[in-house]
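Proteins come first, then strands; the chains are lettered A, B, ... in the order of their sequence lines, and each starts at number 1. Because the structure is predicted, anything quoted here is derived from the model rather than measured. Reckoned from all heavy atoms, side chains included, excluding hydrogens, waters and symmetry mates.
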Protein chains: 2
Amino acid sequence: MKKKTTIYDIAKRLNITAATVSRALNGNSKISEATRKLVSETAKEMNYEQNKLAQALKSGKSYNVGVIVPRIDSNFFASVIRGIEEELYPHGYHVIICQTHDQKTLETENINSLLNAQVDGVLMSISNAQNGNDDSFNALIKKNVPLIFFDRKKDIKGISSVTIDDFKGAYDATKHLIDQGYKRIAHLSNDRSILIFKNRYLGYKQAILDSGLEFDESLVIETHSKVLEGRKTMKKLLEMKHRPDAVFSSSDFTALGAIQEIKESGLRIPEDISVVGFSNEPFTRFMELSITSVDQSPIEMGKLAAQVFLEEVNNDKRVKSEKQVVLTPELIIRKSSLRTPITDKV
Amino acid sequence: MKKKTTIYDIAKRLNITAATVSRALNGNSKISEATRKLVSETAKEMNYEQNKLAQALKSGKSYNVGVIVPRIDSNFFASVIRGIEEELYPHGYHVIICQTHDQKTLETENINSLLNAQVDGVLMSISNAQNGNDDSFNALIKKNVPLIFFDRKKDIKGISSVTIDDFKGAYDATKHLIDQGYKRIAHLSNDRSILIFKNRYLGYKQAILDSGLEFDESLVIETHSKVLEGRKTMKKLLEMKHRPDAVFSSSDFTALGAIQEIKESGLRIPEDISVVGFSNEPFTRFMELSITSVDQSPIEMGKLAAQVFLEEVNNDKRVKSEKQVVLTPELIIRKSSLRTPITDKV
DNA sequence: AATTTTTATGTAATCGATTGCAGATTTTAT
DNA sequence: ATAAAATCTGCAATCGATTACATAAAAATT
């Protein structure tokens, strides 16, 4: 491996000091235009490249940020990450992506690894199954490493977050079903200790109450965001004495499972039962029977989270303020819930 | 931010030198059992954590590796990355993920950024649209930064790779279609300057030639791995005077598009036309009409790529050997290509 | 012309951990 | 008891870049 040229090499060549080279290269202090030019030309000539590690050690900044998500193979998270990258790259930051696979232990491990890797901040969406133990978050907070939640947040004093208005998303989706004439609307929920799922549940409930329909708690089932879980849960619902005629799912994946189960049972969608999902995953659009879903503008969410991070990291750490950004979701109506057939825009 | 404790702090407390502390902590040289114990206890007590940046500077290793993929929101790449992570984490490495979105410029930028971030190696799947310009790869090679290709590789002397036998995957898939009695099998190809697509094409062609069927080049169309592209291309095929009765697609996404187009045209799958994809993306299994596809064991691929990296990075750089690992693909037969209906295992 | 101000550069410490060499201490051998 | 060997620990340089402070040189001021 050819040795890299350092500022000392440049200094020696020009018979000046490394300090001067450093200053010239950073354009900072008062360096004569002549030497500045000379240095930068020589630097280019010698193929100089700044050693980020040395700089990181000196400045205490690694220019790495950690991003922790439950998983990356969902379009939603992949898109949020993309948004984060787009916003952070121009500022010289790199993104280290970690997956929790919804396991608290992995989440904790990830945080420790990132801390260990000297990241300048952590942007994350918490995993399910929070056991009330906030030790790992506290580790971040204690070290004063900026922490920003996106989508799946935890209410911690002083911690900023970027989320969507899940209540409204759920409310709109449910309202849409009611407007279509459905009367017995079930809800495939998820771990409601996670705020987003709690809010989706509350939005759903409120829409039903507001419409004058009867709210039936037995139509709410908690499950996991997996296709097969959706099937299983739907099966239970179909076996009820008085089965639902519509389903609002807090996840597109469970919605998909529900649809499979419904079709298998011989019922028609949306004539007999209607289904609405959440997240607007690409497959909801591509299915032959396209699925109505709630869009969460993930790229935007990522960008905003990144912006909040940049603000915090560049803050003169006088006042530490907490920022809560809330995006507005958009209901995308497709075949799976539309009784009056219209030309479906794919 | 509370200042972190360093080995100097520990040294001061114990009235010894930082050197001793360092050695004691690293368990390495000859340090008396007594001090070793004392040091590690004090370290724990003082909440000592090694500063990775300093270590990185000293050792010249960052313990970061870059992973470059066209995109992360496909199950295939996400899974490869997961395999890489699983293999690398236990060795203290972190993974920096970059996406090229199949743009050569982004690919080059990513490589430079990673180089700049002092990564210890780069594992990558090249983007489409290679313009024959290998400058960015050469930059890596010149700096002696280990480079390992997975899946989409480029033949460069001395560079290791982990791929699957795309020829065989395509051959098996096509053979399966022939065995099912299809006679006019089209192929949705992709940029054939990329080896995997070239090999899939060749496997397809060979299977047809071996079977004695006529090989018709007009049934091969080059497109992009996107659902909508699949639709467009399928449309063209269906408009042919003598339309195909089966399609082997080099991508699950184009296969999906093709299926949509076929259904819209009123033809039945697999009775009238059959479709086979490539990659075994989860949706191929979840579709109501499940799609036959070729599994590439992505997690395994990721692990192997990581292992090759570890070997190279730990190599005493005497002999630089090139390693070509080739995995065997597996054809997963589902409804979209099975004329004799059987119970489909979902 | 002498003094002050400005400008440009050098000196040396610093970030935190590692390591070759040397010196000190203990153990073993003669 | 003395020399030789083995064991442990300290000294100081090193990785590469940054920066407060000092100083030299040039420009401006009186």
**Nearest-angstrom distance from the residue atom CD1 of A/Ile16 to P of D/dA17** = 14 Å

**Item:** Value in whole Å for how far the C1' atom of D/dA17 lies from CG of B/Leu57
**Value:** 9 Å

**Prompt:** Which residues satisfy the side chain to side chain donor-acceptor pair (under 3.5 Å) test with A/Asn47, sequence neighbours excluded?
**Reply:** none

**Fill in**
Rounded to whole Å, CG of A/Leu14 lies from C1' of C/dA8 at a distance of 15 Å

**Request:** May I ask you to verify if any side-chain N or O of B/Thr6 is less than 4.0 angstrom from the OP1 or OP2 atom of C/dG16?
**Result:** no

**Asked** To the nearest angstrom, how far is A/Ile10 atom CD1 from D/dG16 atom P?
**Response** 13 Å

**Fill in**
Hits for salt bridge (Lys or Arg N to Asp or Glu O under 4.0 Å) against A/Lys323, two or more places apart or cross-chain, chain-then-number order -> A/Glu311

**Complete:** In short, the helix from C/dA1-D/dT30 to C/dT30-D/dA1 is bent end to end, axes from five pairs each side, to 10°, by 50°

**Asked** What is the distance, rounded to the nearest whole Å, between atom CG of B/Asp9 and atom P of C/dG16?
**Response** 8 Å

**Message:** Check this one for me: any side-chain N or O of B/Thr35 less than 4.0 Å away from OP1 or OP2 of D/dC8?
**Reply:** no

**Protein-nucleotide distance (B/Asn51, atom CG; C/dT14, atom P), rounded to Å** = 17 Å

**Message:** Check for me whether the distance between the ring centres of A/His94 and A/Tyr89 falls short of 6.0 Å.
**Reply:** yes

**Request:** List for me each residue that meets side chain to side chain donor-acceptor pair (under 3.5 Å) alongside A/Ser160, sequence neighbours excluded, and say none if there are none.
**Result:** A/Glu312

**Sugar-phosphate, base or nothing in reach of B/Leu53, heavy atoms under 4.0 Å** = nothing

Sort me out a list of protein N/O and nucleotides 18-22 of chain D N/O pairs below 3.5 Å, or just none if empty.
residue, atom, partner, partner atom, Å
D/dT18, OP1, A/Gln50, NE2, 3.0
D/dT18, OP2, A/Ser22, OG, 2.9
D/dT18, OP2, A/Asn26, ND2, 3.1
D/dA20, N6, A/Arg23, NH1, 3.4

**Prompt:** How would you list, by chain and number, every residue that makes a salt bridge (Lys or Arg N to Asp or Glu O under 4.0 Å) with B/Glu41, sequence neighbours excluded?
**Reply:** none

**Asked** Rounded to whole angstrom units, what separation is found between the OH atom of A/Tyr63 and the C1' atom of D/dA17?
**Response** 13 Å

**Asked** Between A/Arg36 (CZ) and C/dT7 (P), how many Å, whole number?
**Response** 13 Å

**Message:** Closer than 4.0 angstrom, basic N to acidic O: yes or no for B/Glu86 and B/Arg82?
**Reply:** yes

**Request:** May I ask you to say what A/Asn15 touches in the nucleic acid, namely base, sugar-phosphate or nothing, with a heavy-atom cut-off under 4.0 Å?
**Result:** sugar-phosphate

**Prompt:** What residues, two or more places apart in sequence or in another chain, satisfy salt bridge (Lys or Arg N to Asp or Glu O under 4.0 Å) together with B/Asp9?
**Reply:** none

**Prompt:** With sequence neighbours left out, what residues match B/Glu45 under salt bridge (Lys or Arg N to Asp or Glu O under 4.0 Å)?
**Reply:** B/Arg13

Which donor-acceptor pairs under 3.5 Å do the side chains of residues 52-60 of chain A make with protein atoms, sequence neighbours left out?
residue, atom, partner, partner atom, Å
A/Ser59, OG, A/Gln55, O, 2.9
A/Ser59, OG, A/Lys61, N, 3.1

